[in-house]
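Scroll down for the structure; my scribbles are underneath it.
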2 protein chains.
Amino acid sequence: MYQETAAFEHYIRDHGLRMTNARRAVLEEIFSHHEHIDADRLHAAMRGKGLDVSRATVYRNLDLLADCGLVRKYRLDRHRVLYEHMHAGMEHDHMVCRECGRVVEFVNRDLRAQQEEICRAHGFDPDDLTVQVVGCCITCKKARAARGSAPPSGP
Amino acid sequence: MYQETAAFEHYIRDHGLRMTNARRAVLEEIFSHHEHIDADRLHAAMRGKGLDVSRATVYRNLDLLADCGLVRKYRLDRHRVLYEHMHAGMEHDHMVCRECGRVVEFVNRDLRAQQEEICRAHGFDPDDLTVQVVGCCITCKKARAARGSAPPSGP
DNA sequence: TTTCTTATTGAGACAGCGTCTCAATTCGCC
DNA sequence: GGCGAATTGAGACGCTGTCTCAATAAGAAA
């Protein structure tokens with residue numbers, strides 16, 4: 001947490017911004033959740049702890065944290081935007097199950113390297129590389145198979 | 001167009017649905033645009049041609065077309081969801097420039113193969129593999145460099 | 001420490017994209 | 001042609017995120 005606070009304060013100062021209680025609170029909150037969370041849930045969690053920060057401020061500061069690279073913003077679909085703090089160097093991607101909505105993380109260095117290579121080839125300077133896989137997870141696949149092979153059974 | 005109509009009608013019948021004028025119209029419209037387009041723009045284009053189809057119907061049928069695999073739904077960010085028809089077998093991905101908003105397509109078979117491999121390893125059955133790169137395109141990069149090397153000049 | 005400037009905040013109105021509702025219409029099987 | 005069900009149209013609605021603007025507070029300067 002020390003590192004992140006320091007990095008954030010550094011960024012804040014460098015950009016002529018000001019460090020506030022609300023900013024510290026959002027930073028601490030997002031770093032206390034070790035998994036994806038959406039802005040409104042985070043906001044609710046903060047209020048639940050008695051932290052009186054407005055919704056707009058949570059949104060504003062999550063975006064600020066995303067800008068300075070401490071937080072990653074990840075859009076699943078129209079109704080789900082997740083934020084997660086960067087756990088040093090662990091760039092990962094997501095598989096989203098269409099049926100149960102479960103999000104599975106995976107890390108693959110080769111995939112990243114290849115994406116960077118493609119960007120280079122197109123003279124494109126990437127800020128964010130995202131691989132998003134939408135499909136059906138192993139659990140739902142099994143459930144579906146079970147239903148399929150034993151439908152509303154015989155006479 | 002024959003193939004797509006046939007495929008669509010086949011899907012429609014297989015799922016106990018009905019083929020309607022609105023469905024045919026949406027199918028024809030999306031296949032007449034050989035690039036990404038959003039639902040509202042498509043709707044406007046249809047009305048412009050005198051096709052009297054409601055917004056809700058366009059949304060509904062674009063989703064239906066996406067379900068049956070004839071159309072791909074691609075989300076850039078909160079405010080941009082693009083649809084594009086599948087041009088047989090040409091699975092591609094997108095790079096979006098953060099500055100000018102330009103969308104560059106690229107195709108890379110290795111990248112796809114690798115994603116599929118990862119899915120297999122996780123027992124995940126992919127419906128849609130998306131690689132989304134957000135960054136800065138070569139044009140904007142040059143523009144930025146030009147500004148950077150010759151800022152509001154000397155005293 | 002007090003003062004002063006200005007970034008930030010809070011509350012809620014607002015915006016945009018989709019979705020939902022439900023009566024009216026249309027499909028397509030008989 | 002007639003019937004039952006799927007589909008449509010029009011607009012209200014919902015949700016996430018942004019904007020507004022007065023009030024507040026950070027932090028530099030005195």
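Numbered from 1 within each chain, the chains take letters A, B, ... in sequence-line order. Since the structure is predicted, the reported quantities are computational estimates derived from the model, not experimental observations. Every heavy atom of this structure was used, including side-chain atoms; hydrogens, water molecules and symmetry mates were not.
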Tabulate atom names and distances for all N/O pairs under 3.5 angstrom spanning the protein and nucleotides 28-30 of chain C.
| unit_1 | atom_1 | unit_2 | atom_2 | d |
| --- | --- | --- | --- | --- |
| C:dG28 | OP1 | B:Met19 | N | 2.8 |
| C:dG28 | OP1 | B:Met19 | O | 3.3 |

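Taking the salt bridge (Lys or Arg N to Asp or Glu O under 4.0 Å) definition, one finds that B:Arg120 meets it with B:Glu117, sequence neighbours left out. With sequence neighbours excluded, no residue forms a salt bridge (Lys or Arg N to Asp or Glu O under 4.0 Å) with A:Asp67. Residues satisfying the side chain to side chain donor-acceptor pair (under 3.5 Å) criterion with B:His36, sequence neighbours excluded, are B:Glu84.
The residue from B:Val71, B:Val53, B:Val26 that alone fulfils the side chain to side chain contact (heavy atoms under 4.5 Å, CB included) condition with B:Asn61 is B:Val26.
The interatomic distance linking B:Asp63 (CG) with D:dT7 (C1') rounds to 15 Å, in whole Å. Whole-Å rounding puts the B:Leu42 CG to C:dC17 P distance at 14 Å. Atom NE2 of A:His15 is separated from atom P of C:dT8 by 12 Å (rounded to the nearest Å). Atom P of nucleotide C:dT8 and atom CG of A:Leu65 are separated by 13 Å, given to the nearest angstrom. When rounded to the nearest whole Å, the span between CG of A:Asp40 and P of D:dG14 equals 16 Å.
In the helix from C:dT1-D:dA30 to C:dC30-D:dG1, the end axes, each obtained as the rotation axis mapping the C1' atoms of four pairs onto the next four within a five-pair block, lie 30° apart to the nearest 10 degrees.
Taking 4.0 Å as the cut-off between side-chain N and carboxylate O, B:Arg72 and B:Asp93 count as a salt-bridged pair. Remark: B:Arg41 does not engage B:Glu29 in a salt bridge, criterion side-chain N to carboxylate O under 4.0 Å.
Between the side chain of A:His43 and the backbone N or O of A:Ala56 there is no donor-acceptor pair closer than 3.5 Å. Although no hydrogens or angles enter the test, the distance criterion places no donor-acceptor pair under 3.5 Å between the side chain of A:Arg23 and the main chain of A:Leu65.
Contact between the side-chain N/O atoms of A:Asn21 and the OP1/OP2 oxygens of C:dT9 is not found at any separation under 4.0 Å.
Within residues 43-62 of chain A, the residues approaching DNA chain D are A:Arg55, A:Ala56, A:Tyr59, A:Arg60, by heavy-atom distance under 4.0 Å.
A 6.0 Å sphere centred on NE2 of A:His10 holds no more than 12 heavy atoms belonging to other residues, nucleotides or ligands.
At the heavy-atom level, A:Asp38 lies nowhere under 4.0 Å from the strands shown.
Annotation: side chain of B:Tyr11 is not in contact with side chain of B:Leu70 (no heavy-atom distance under 4.5 Å).
Ring orientation note: the planes of A:His85 and A:His34 are nearly perpendicular, at an angle over 60° on the 30°/60° scale.
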